[in-house]
Amino acid sequence: FTRLSTHTFTMAAPVGSSNAAISSCSDQSTVVSRAENVHLQYSVLLQHLIGDKRQIKDLNPGIMGGLSNPHKTDEQKMIERGMESCAFKAALACIGGFVLGGAFGVFTAGIDTNVGFDPKDPLKTPTAREVLRDMGQRGMSYAKNFAIVGAMFSCTECIIESHRGKSDWKNAVYSGCITGGAIGFRAGLKAGILGCGGFAAFSAAIEYYLR
């Protein structure tokens with residue numbers, strides 16, 4: 001009886017250990033399958049939130065409590081196209097350059113001690129009318145030059161930007177070179193090259209500062 005019970009115990013022990021091993025393996029496989037399922041669900045959720053399956057919805061301002069955008073008429077669209085045209089930009093730059101140049105010319109004339117003096121008679125004291133006349137002439141001269149430069153620069157930059165299809169610092173550099181070269185070529189080839197390089201460098205510095 002003792003031998004039989006011992007034999008039965010030795011036979012039952014491997015069976016119990018094998019069952020425990022099988023149950024532990026099944027538990028591990030269940031945990032792994034659950035982890036994979038959670039990871040799969042998380043990946044699918046990310047694809048729907050920020051991935052390729054994300055649906056882009058057009059938010060209506062009226063639903064969110066805001067005012068809806070009114071429909072643009074043909075006249076409004078025509079005005080917008082006109083304001084975005086190169087001719088309008090050149091005209092606006094021309095007017096701005098004229099005003100800025102006139103103010104700069106009057107300012108420089110105001111600090112110049114030789115304004116109003118007659119070169120033929122330097123000892124003569126100028127009158128207020130002569131001083132104002134010289135200040136007006138200098139302001140008008142500066143205004144014309146600034147207006148021409150502004151219109152040329154804005155127009156060439158708009159044309160280059162439309163041709164390239166990009167809005168970056170290179171447009172200003174190319175436009176500055178063309179404008180400076182066109183102005184400098186009136187004094188010769190060397191002056192044109194220097195004007196192109198100078199205006200291009202100045203435009204690049206301004207674009208770097210603004211951007």
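Just so you know, residue 1 is the first one in the sequence shown, and it goes up from there. This is a predicted model, so every value here is computed, not measured.
- The backbone N or O of Gln137 lies less than 3.5 Å from no partner atom in the side chain of Ser141, so there is not a single donor-acceptor pair.
- Of all the heavy atoms in Phe98 and Lys144, the pair that sits closest is CD1-N, 4.3 Å.
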Evaluate the side chain to side chain contact (heavy atoms under 4.5 Å, CB included) criterion for residues Lys170 and Glu207: first the C-alpha distance (whole Å), next the side-chain angles of each, then the deciding distance (0.1 Å), finally the verdict. CA-CA 9 Å; Lys170 294 182 180 179; Glu207 286 292 321; over 6 Å; no

Candidate pair Leu100 and Tyr142, rule side chain to side chain contact (heavy atoms under 4.5 Å, CB included), full reasoning: CA-CA 9 Å; Leu100 181 62; Tyr142 275 72; over 6 Å; no

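- Looking only at side-chain heavy atoms (C-beta outward), Phe88 and Ser85 come within less than 4.5 Å of each other.
- Using a 4.5 Å cut-off on side-chain heavy atoms (C-beta onward), Val106 and Arg138 make no contact.
- Note on Ile206 and Tyr208: separate hydrophobic clusters, where clusters join Ile, Leu, Val, Met, Phe, Trp and Tyr whose side-chain heavy atoms are under 4.5 Å apart, directly or indirectly.
- In terms of heavy atoms, Cys155 sits closest to Ala90 at CB-CB, 3.9 Å.
- Between Cys158 and Cys86, the gamma sulfurs sit within a distance below 2.5 angstrom.
- When atom types are taken as modelled, the side chain of Thr156 and the backbone of Phe153 share a donor-acceptor pair closer than 3.5 angstrom.
- No chain of hydrophobic side-chain contacts below 4.5 Å, direct or via other Ile, Leu, Val, Met, Phe, Trp or Tyr residues, connects Phe146 to Ile183.
- The one candidate from Ile159, Val173, Ile160 that meets the side-chain contact (heavy atoms from CB on, under 4.5 Å) condition with Ile178 is Ile160.
- Here the CE atom belonging to Met135 is positioned 13.5 Å from the CZ atom belonging to Arg133, to the nearest 0.5 angstrom.
- The shortest non-hydrogen separation linking Ala151 to Cys94 is CB-CB, 3.9 Å.
- In terms of heavy atoms, Met152 sits closest to Ala182 at CE-CB, 3.6 Å.
- The two atoms that bring Ser154 and Lys89 nearest to each other are OG-O, 3.2 Å, heavy atoms only.
- Residues Leu189 and Leu194 do not share a hydrophobic cluster, defined by chaining ILVMFWY side chains whose heavy atoms lie under 4.5 Å apart.
- Asn171 places a side-chain N or O within donor-acceptor distance of the main-chain N or O of Lys166, the cut-off being under 3.5 Å.
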Which is it for Tyr174 and Arg164 under the side chain to side chain contact (heavy atoms under 4.5 Å, CB included) test, yes or no, and what are the steps along the way? CA-CA 11 Å; Tyr174 296 153; Arg164 295 182 67 240; 4.2 Å; yes

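- With hydrophobic clusters built from ILVMFWY side chains whose heavy atoms lie under 4.5 angstrom apart, Ile148 does not share a cluster with Leu92.
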